Chemist: 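Before I ask anything, here is the structure I am working with.
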There are 2 protein chains.
Amino acid sequence: MNLILLFEDDFTSPLTSPLTSAGEVRLHDRRLTHIRDVHRALPGDQLRVGLLNGAMGSGQLLSLSEHEAVLRVELDTPPPPPLPLTLILALPRPKMFKRTLAAAASMGVKDLWLINSYRVDKSYWGSPLLTEAGLREHLLLGLEQACDTQLPQVHLRKRFKPFVEDELPELCRGRRALLAHPYNAQPCPSASDESTLLAIGPEGGFIPYEVEKLVEAGLSPVHLGPRILRVETAVPALLSRLFTF
Amino acid sequence: MNLILLFEDDFTSPLTSPLTSAGEVRLHDRRLTHIRDVHRALPGDQLRVGLLNGAMGSGQLLSLSEHEAVLRVELDTPPPPPLPLTLILALPRPKMFKRTLAAAASMGVKDLWLINSYRVDKSYWGSPLLTEAGLREHLLLGLEQACDTQLPQVHLRKRFKPFVEDELPELCRGRRALLAHPYNAQPCPSASDESTLLAIGPEGGFIPYEVEKLVEAGLSPVHLGPRILRVETAVPALLSRLFTF
């Protein structure tokens, strides 16, 4: 938690505007625990804070008890720029998905699509991670880690074919559209700030039929060398290769 | 497990040479379970295999029972090239370290130094992960994932100052030497196959004294943008930025 994320409900007086504002917040949950036990902050200390989907700034700790931390915050800095990316993942198994969500959020992904694939186990779609609260928990961890405030949007598509035929061509239009796939692929292009769509397959990869459909929709296969990476490793490796940050 | 790693003990007849050889192996441990339950392989199937620190190739499943898998293997392909990298990590907390070890091994890191830092909790040095068996377990997972056979070398240095003063300058000599550090830093250079040393700090970063000593030893601070990444995300992001693969 390198940034303490604030929500509008934390403010004891209304905010002047979500982009530049000051006010007092009272915190009671794991943020209180973190301020007390990890930061070991004392009244007077300055802590880095940010308003969800708003500005970042600093918060001066006014008082701290077992039950409450009170901070006077000033929000005056915009969050870091988002990646110009639509990231499409074949739904990973839950344990890996948690970490991948947080990693993607920490790297600035704002538009994430989770899709089905032949090699996605059906049970994964029943995971409580896929509820709004489940997704939000791990996305917030990524934002807190990276010092960002913009919550990523997540779209779930449980049927591969309708997504790839009806939605994907439109998502690809006018931008580079890439499929991370080790076979018959070009080397991954180098860093730019070009608008990009990137699709990453499941463990074991997309099956040939799926690759064919993705290529038909406009994606070009790219690779990062001969090594096969887990999705939680492939996401940071590919994003870091593709974008200048 | 995209590659079944073999050890010399698995062979029922001696190998002709560690780099090109054929022979029969009998497997009993988690590799048997994987062949049976994940690959769901049947006699006659070909599986991708590799000899630890040797060549890769294929293995034909001759027979499979509850207790044993017998394969006829031919090893004729060299493993993928190692990264020309010395990676220095402030020892991460154990849970994150496990994943970082496997991720580093999967990306081709072969020379890993774990060092102390002011922000490394002393208890981390007592973790069973740091035994030869503990390290090996997670490194093998990375090799099996990525299809590689070369076991990384791991060096432990529990004292920061003697390492940085007495060993680090020599490790830096004649190559690019970088410190991942977000302050007073240049943007991370782009991909090459240049011999490189890279140091990554603990959660919360190296303290100013440590940064000063690392810079004195020859390291130049570089950053990947304003976001603060967890070490398990930073390792793939930095390696993918620095090397062509």
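The figures here come from the full heavy-atom set of this structure, side chains too, leaving out hydrogens, waters and symmetry mates. Since this is a predicted model, take the numbers as computed values, not measurements. Letters A, B, ... mirror the listed sequences (proteins, then strands); counts begin at 1.
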Chemist: Quick one: what part of Ala105(A) sits under 4.5 Å from any heavy atom of chain B, side chain, backbone, both or neither?
Modeler: backbone
Chemist: About how many Å separate CZ of Arg227(B) and CG of Leu83(A), when rounded to the nearest 0.5 Å?
Modeler: 6.0 Å
Chemist: Report the option among Gly204(A), Pro80(A), Ala103(A) that has the most heavy-atom pairs separated by less than 4.5 Å from atoms of chain B.
Modeler: Pro80(A)
Chemist: Would you find more than 12 non-hydrogen atoms of other residues, nucleotides or ligands less than 6.0 Å from Lys110(A) atom NZ?
Modeler: yes
Chemist: If I compare all heavy atoms of Met107(B) with all of Leu229(A), which pair ends up nearest, and what's the gap?
Modeler: CG-CD2, 3.9 Å
Chemist: So which residue, Ala191(B), Pro187(B), Cys188(B), Ser240(B), ends up with the most heavy-atom pairs under 4.5 Å with chain A?
Modeler: Ser240(B)
Chemist: To the nearest 0.5 Å, tell me how far Arg48(B) CZ sits from Ile228(A) CD1.
Modeler: 4.5 Å
Chemist: Heavy atoms only: give me the nearest Ser106(B)-Thr233(A) pair and the separation to one decimal.
Modeler: OG-CG2, 4.3 Å
Chemist: Please identify, among Leu242(B), Leu238(B), Leu3(B), Leu224(B), the residue contributing the most non-hydrogen atom pairs under 4.5 Å to chain A.
Modeler: Leu224(B)
Chemist: Within a reach of under 6.0 Å around CG of Asp29(B), are more than 12 heavy atoms found that belong to other residues, nucleotides or ligands?
Modeler: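 Counting neighbours around CG of Asp29(B), more than 12 heavy atoms of other residues, nucleotides or ligands fall under 6.0 Å, so yes.
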Chemist: Tell me which of these, Gly142(B), Gly108(B), Ala234(B), has more heavy-atom pairs under 4.5 Å with chain A than the rest.
Modeler: Gly108(B)
Chemist: So for atom CG, which belongs to Asp37(B), do other residues, nucleotides or ligands contribute more than 12 heavy atoms lying within a distance under 6.0 Å?
Modeler: yes
Chemist: Taking OH in Tyr124(B) as the centre, count heavy atoms belonging to other residues, nucleotides or ligands within less than 6.0 Å. Is the count above 12?
Modeler: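 Yes, enclosed.
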Chemist: Please flag which part of Leu239(A) lies under 4.5 Å from any non-hydrogen atom of chain B: side chain, backbone, both or neither.
Modeler: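 The answer is neither part of Leu239(A).
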Chemist: So which residue, Glu232(B), His223(B), Gln145(B), ends up with the most heavy-atom pairs under 4.5 Å with chain A?
Modeler: Gln145(B)
Chemist: For Glu74(B), is the CD atom crowded, meaning more than 12 foreign heavy atoms sit under 6.0 Å from it?
Modeler: no
Chemist: CZ of Arg99(B) to CE of Met96(A): how many Å apart, nearest 0.5 Å?
Modeler: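 Taking CZ in Arg99(B) and CE in Met96(A), the distance rounds to 10.5 Å.
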